[in-house]
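Contents: one structure, followed by commentary.
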Amino acid sequence: MNTRIESVQAMPIYDSRGVPTVRVRLTLTDGTAATASIPSGASTGENEAVELRDGDPNAHGGQGVLKAVRNVNDVIAPAVIGLEPWRQGEIDSLMIELDGTANKEKLGANAILGVSEAVAVAAAKSAGLPLYAYLGGAGQARLPIPMINILNGGKHADSSLDFQEFMIMPVGAPSFAEAMRYATEIFQALKSLLKAKGHTTAVGDEGGFAPQLQSNDEACDLIVEAIAKAGYEPGEDIAIALDPAASSFYENGVYRLTRSGQGDKTSSEMTDLYRRWIDKYPIVSIEDGLAENDWDGFREHTAVLGEKIQIVGDDLLVTNTRFIARAIEEKSCNAALIKLNQIGTVTETVEAVHLCRKAGWSFVVSHRSGETEDTFMADFAVAMGGGQIKTGSVCRSERMAKYNRLLEIESELGKAARFGR
Ligand SMILES: C=C(OP(=O)(O)O)C(=O)O
Ligand SMILES: [Mg+2]
């Protein structure tokens with residue numbers, strides 16, 4: 001128990017879009033070494049903790065992270081060196097105090113989370129525990145059903161799709177390994193369908209295909225066709241989950257479905273479109289179906305759809321207990337997307353998960369569109385035990401790193417492995 005943090009050092013690395021991001025390396029006095037690499041979003045919520053960049057933080061791409069790296073090396077490291085690594089809550093509180101702002105804009109959520117995760121990884125290693133066991137304690141471990149992204153649009157691809165993510169969920173699979181088999185077979189079936197129909201099989205930022213289709217509806221039609229082509233039953237074996245990321249096409253109070261040519265819609269008309277889709281397609285979850293500031297719209301949206309499907313808040317909630325509490329009170333959603341870098345410490349992310357549980361909400365642990373090979377979030381998802389993860393497609397290694405880590409955890413747990421919601 002006398003092990004202490006010995007060194008903390010950050011460096012710039014590159015994410016899956018070739019944009020600089022932060023990696024932190026931390027060592028303990030017992031010789032343990034750990035690293036954490038921080039991802040980066042493109043369709044970011046305006047209330048997210050600040051990802052500190054050297055240039056304009058709103059200009060995505062090409063902006064350095066040297067300020068965040070310096071903040072780790074010059075400000076955070078001297079404050080945490082000498083502390084015991086298992087004191088996660090105290091270390092996270094200390095960094096929040098050092099920053100002193102409501103949204104971590106001084107030191108940067110990328111700097112703070114890098115240290116927060118590296119501390120947890122080191123503490124787990126030093127204790128001789130797998131990360132998921134260290135983070136989750138006794139009895140919670142549960143392998144998640146993956147939401148696997150197979151068609152990309154919005155800010156993640158210049159396809160014809162207004163909606164950012166069309167995902168499949170192997171809800172009928174008996175294990176995580178089987179879920180991956182179902183999903184990869186459907187991904188290959190979709191690829192051959194797209195080819196046969198003369199579409200490109202190029203992929204977007206999260207590895208889903210990015211074709212030029214006639215409409216957003218055609219995307220759902222193609223997915224249902226691919227599920228059947230691979231030999232699965234739509235709705236039974238495989239369901240559909242959507243992340244329209246509607247903040248990205250909301251302008252002056254109107255939802256503009258310009259790419260697909262489906263015109264302008266009010267929030268009620270968007271909810272009505274989803275209602276018709278739910279009747280037509282096996283959709284079980286919609287994330288950010290409306291925009292982040294459309295709180296009134298979300299109340300109606302959840303009143304109309306929330307009995308039938310999971311309504312997930314991402315940009316609306318930004319993994320922040322303040323917004324989650326408001327949404328619980330106003331019945332704006334019935335689930336939260338959980339992204340560690342939206343809030344910026346491991347402790348605050350766990351608090352967001354606890355609040356969801358207390359309200360009887362479900363939650364989905366999520367990657368970002370700009371990712372690294374880091375697999376922290378896979379262990380985190382198992383530890384939190386919510387039974388759902390969203391980490392992209394099955395053809396890009398920064399996404400596969402998470403899926404492959406989950407396969408490893410399932411095999412390590414053997415008969416003790418629990419799977420799904
Ligand atoms: C993963 C997402 O995208 P990004 O990381 O670009 O916010 C999302 O919107 O859920
Ligand atoms: Mg989202």
Side-chain angles (χ1 to χ4, degrees), residues 15-19 21 37-51 53 57-61 109-110 113 144 146-159 161-167 169 203-208 210 240-250 274 285-294 298 301 310-320 323-324 327 332-333 335-344 349 352 362-372 374 376-378 380-381 388-393 396 398-399 402-403:
D15 72 13
S16 54
R17 282 190 281 246
V19 174
T21 189
S37 302
I38 301 308
S40 172
S43 63
T44 45
E46 61 185 46
N47 295 311
E48 289 192 22
V50 171
E51 177 190 63
R53 291 192 175 274
N58 295 315
H60 190 268
N110 42 356
L113 183 63
M147 289 181 170
I148 294 182
N149 184 321
I150 57 175
L151 285 168
N152 280 194
K155 285 196 175 166
H156 294 174
D158 54 5
S159 69
L161 301 169
D162 298 292
F163 295 172
Q164 180 178 284
E165 298 169 38
F166 292 77
M167 296 168 283
M169 281 188 85
V203 298
D205 285 2
E206 296 184 353
I240 296 177
L242 302 175
D243 177 9
S247 309
S248 65
F249 51 84
Y250 188 60
Y274 299 133
S285 179
I286 299 182
E287 171 190 333
D288 283 356
L290 298 177
E292 60 195 326
N293 292 317
D294 191 359
F298 260 107
H301 185 73
Q310 176 172 266
I311 303 293
V312 187
D314 172 13
D315 292 355
L316 183 78
L317 307 177
V318 293
T319 316
N320 185 322
F323 296 102
I324 297 172
S332 315
C333 332
L337 202 74
I338 299 291
K339 291 168 165 167
L340 286 136
N341 79 331
Q342 275 183 332
I343 189 69
T349 313
S362 46
F363 60 90
V364 184
V365 174
S366 172
H367 67 162
R368 300 309 305 247
S369 51
E371 265 295 338
T372 73
D374 191 286
F376 187 95
M377 65 161 289
F380 187 78
Q388 298 181 85
I389 194 168
K390 159 171 130 158
T391 188
S393 174
R396 293 182 56 134
E398 75 279 4
R399 320 286 152 186
K402 280 73 166 173
Y403 292 130

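Note that the structure is predicted; figures quoted are calculated from it, not measured. Throughout, numbering of the chain's residues begins at 1 and tracks the sequence. In each ligand, atom 1 is the first atom listed, and ligand 1 is the first ligand listed. What you see below is based on every heavy atom in this structure, not just the backbone, and it leaves out hydrogens, waters and symmetry mates.
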If I take every N, O or S atom of D314, is at least one of them less than 2.8 Å from the Mg ion (ligand 2)? yes

Looking only at heavy atoms, which two atoms of G208 and S393 are closest? And how far apart? N-CB, 3.6 Å

Does E287 put an N, O or S atom under 2.8 Å from the Mg ion (ligand 2)? yes

Any N, O or S atom of D288 closer than 2.8 Å to the Mg ion (ligand 2): no

Donor + acceptor pair across side chains of S247, D315 (<3.5 Å): yes

Per salt bridge (charged side-chain N to carboxylate O under 4.0 Å, His left out), R368 is matched among E48, E51, E206 by E48

Any protein N or O within less than 3.5 Å of an N or O in ligand 1? List each pair with its distance, or say none.
from	atom 1	to	atom 2	distance (Å)
ligand 1	3 (O)	S43	OG	3.4
ligand 1	3 (O)	H156	NE2	3.3
ligand 1	5 (O)	R368	NE	2.9
ligand 1	5 (O)	S369	N	2.8
ligand 1	5 (O)	S369	OG	3.3
ligand 1	6 (O)	A42	N	2.7
ligand 1	6 (O)	S43	N	2.9
ligand 1	6 (O)	S43	OG	3.3
ligand 1	6 (O)	H156	NE2	2.8
ligand 1	6 (O)	S369	OG	2.6
ligand 1	7 (O)	S43	O	3.1
ligand 1	7 (O)	S43	OG	3.1
ligand 1	7 (O)	K339	NZ	3.4
ligand 1	7 (O)	R368	NH2	2.7
ligand 1	9 (O)	S43	OG	3.2
ligand 1	9 (O)	Q164	NE2	2.9
ligand 1	9 (O)	D243	OD2	3.2
ligand 1	9 (O)	D314	OD2	3.1
ligand 1	10 (O)	D243	OD2	3.1
ligand 1	10 (O)	E287	OE2	3.0
ligand 1	10 (O)	D314	OD2	3.0
ligand 1	10 (O)	K339	NZ	3.1
ligand 1	10 (O)	K390	NZ	2.6

Testing the basics here: between S43 and Q164, what is the closest heavy-atom pair and its distance to 0.1 Å? OG-OE1, 2.9 Å

Taking N149 for its side chain and E165 for its backbone only, find out whether a donor-acceptor pair lies under 3.5 Å. no

With under 30° as parallel and over 60° as perpendicular, where do the rings of F166 and F163 fit, or are they tilted in between? parallel

Using a 4.5 Å cut-off on heavy atoms from C-beta on, say whether the side chain of D314 contacts that of Q342. yes

For the residue pair R17 and S40, what are the closest heavy atoms and their distance? NH2-O, 3.1 Å

When you measure from the Mg ion (ligand 2) to each N, O or S atom of D243, which atom gives the shortest distance? OD2

